[in-house]
Number of protein chains: 2
Amino acid sequence: MKIRPRHPRPRYDARARIAKALAHPSRLMILEALENREVCVCDLTELVGADQSTVSKHLAVLKQAGLVEDRKAGVMVFYKLKVCCLQGFWDCLETVLAQNLKTQRAVLR
Amino acid sequence: MKIRPRHPRPRYDARARIAKALAHPSRLMILEALENREVCVCDLTELVGADQSTVSKHLAVLKQAGLVEDRKAGVMVFYKLKVCCLQGFWDCLETVLAQNLKTQRAVLR
DNA sequence: ATATTCAATGCCAATATTGCCATTAAGCCA
DNA sequence: TGGCTTAATGGCAATATTGGCATTGAATAT
């Protein structure tokens with residue numbers, strides 16, 4: 001049975017660009033840290049535990065995707081979430097992880 | 001101000017593995033096509049418009065992430081969703097895209 | 001048995017992502 | 001001004017992802 005795409009191709013490209021920005025452990029950690037507050041790059045760097053330049057690039061990825069925005073305050077830069085729909089995403093990831101655990105246990109049994 | 005991660009590091013790695021599986025236009029297209037039905041590899045191949053082997057690999061990625069499961073039926077293989085939490089994810093992506101459009105328009109003005 | 005169809009895998013080249021170092025840029029203070 | 005702090009950028013090597021071709025394997029039909 002022939003399946004038609006629900007949307008034109010570029011729409012999936014655009015969606016994937018957002019999804020890609022979400023597809024890295026450090027970036028997930030950063031986004032979660034930004035829940036309900038803004039945080040400076042220095043604190044995010046300490047949180048992530050990578051080089052400052054690395055964190056800066058992760059932030060650039062998130063910003064480019066439209067997920068966060070920044071605010072300069074003197075010599076510091078504060079980032080905060082630009083979207084409020086991430087909780088559902090975390091929940092979904094956790095659901096999948098829990099389900100995978102269950103599947104794995106079933107295999108071992 | 002010192003920020004503590006809410007979860008241990010491996011948890012973010014695990015989450016990112018799921019997120020990575022979602023981070024490709026063809027895989028997004030496939031997942032959407034599997035909403036409410038199972039579809040054989042042949043039809044998914046036609047849908048995506050890539051080589052059959054390429055689609056097969058995308059399906060392997062989705063399966064490895066625990067997002068889909070497969071069922072053999074003779075010479076064909078049918079894939080279906082293993083999770084039911086994707087709608088929220090689509091909505092979130094669309095929200096971000098819509099917001100980005102708005103931002104872009106504001107910049108042009 | 002042979003041919004045919006559908007799907008998965010091996011291989012490989014092209015491309016993209018990541019991370020750190022070094023450097024640059026900008027703001028602040030003495 | 002010069003020194004210090006914070007963040008962004010350029011360069012580059014290591015690694016990962018992607019996509020197609022060719023092949024393999026499995027099920028079915030002739």
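Because the structure is predicted, anything quoted here is derived from the model rather than measured. All heavy atoms count here, side chains included; hydrogens, waters and symmetry mates do not. Chain A is the first sequence line, chain B the second, and so forth, proteins listed ahead of strands; every chain is numbered from 1.
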[X] side chain N/O closer than 4.0 Å to the phosphate oxygens (OP1, OP2) of [N]?
X: Ser53(B); N: dA8(C); value: no
X: His58(A); N: dT17(C); value: no
X: Tyr79(B); N: dC6(C); value: no
X: Ser56(B); N: dA8(C); value: yes

Looking at Glu69(B) and Lys63(B), does any basic side-chain N land under 4.0 Å from a carboxylate oxygen?
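Result for this pair is no, no salt bridge flagged.
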So does Arg27(B) pair up with Glu32(B), basic N to acidic O under 4.0 Å?
no
Before giving the answer on salt bridge (Lys or Arg N to Asp or Glu O under 4.0 Å), spell out for Glu35(B) and Lys80(B) the whole-Å C-alpha distance, their side-chain angles and the decisive distance to 0.1 Å.
CA-CA 8 Å; Glu35(B) 209 85 42; Lys80(B) 67 174 174 183; over 6 Å; no
Rounded off to whole Å, could you give me the [atom1]-to-[atom2] distance for the [X] and [N] pair?
X: Lys57(B); N: dC12(C); atom1: NZ; atom2: P; answer: 12 Å
X: Ile30(B); N: dT18(D); atom1: CD1; atom2: C1'; answer: 13 Å
X: Leu62(A); N: dT18(C); atom1: CG; atom2: P; answer: 10 Å
X: Arg71(A); N: dG27(C); atom1: CZ; atom2: P; answer: 15 Å

Less than 3.5 Å between a donor and an acceptor, one on the side chain of Thr45(B) and one on the base of dC6(C), is that the case here?
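Check fails, no donor-acceptor contact within cut-off.
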Please state whether the base of dG25(D) and the side chain of Lys72(B) form at least one donor-acceptor pair under 3.5 Å?
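Looking at the base of dG25(D), it does not pair with any donor or acceptor on the side chain of Lys72(B) (distance under 3.5 Å).
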Look at the side chain of Val41(A) and decide which nucleotide, out of dA7(C), dA7(D), dA26(D), has an atom nearest to it.
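When the side chain of Val41(A) is considered, dA7(D) is the closest of dA7(C), dA7(D), dA26(D).
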Asp51(B) side-chain proximity, nearest of dA8(C), dG20(D), dT6(D):
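Taking heavy atoms from C-beta onward, the closest nucleotide is dG20(D).
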Kindly indicate whether a cation-pi arrangement holds for Arg15(B) with Tyr12(B), taking the cut-offs as under 6.0 Å to the six-membered ring centre and within 45° of the axis.
yes
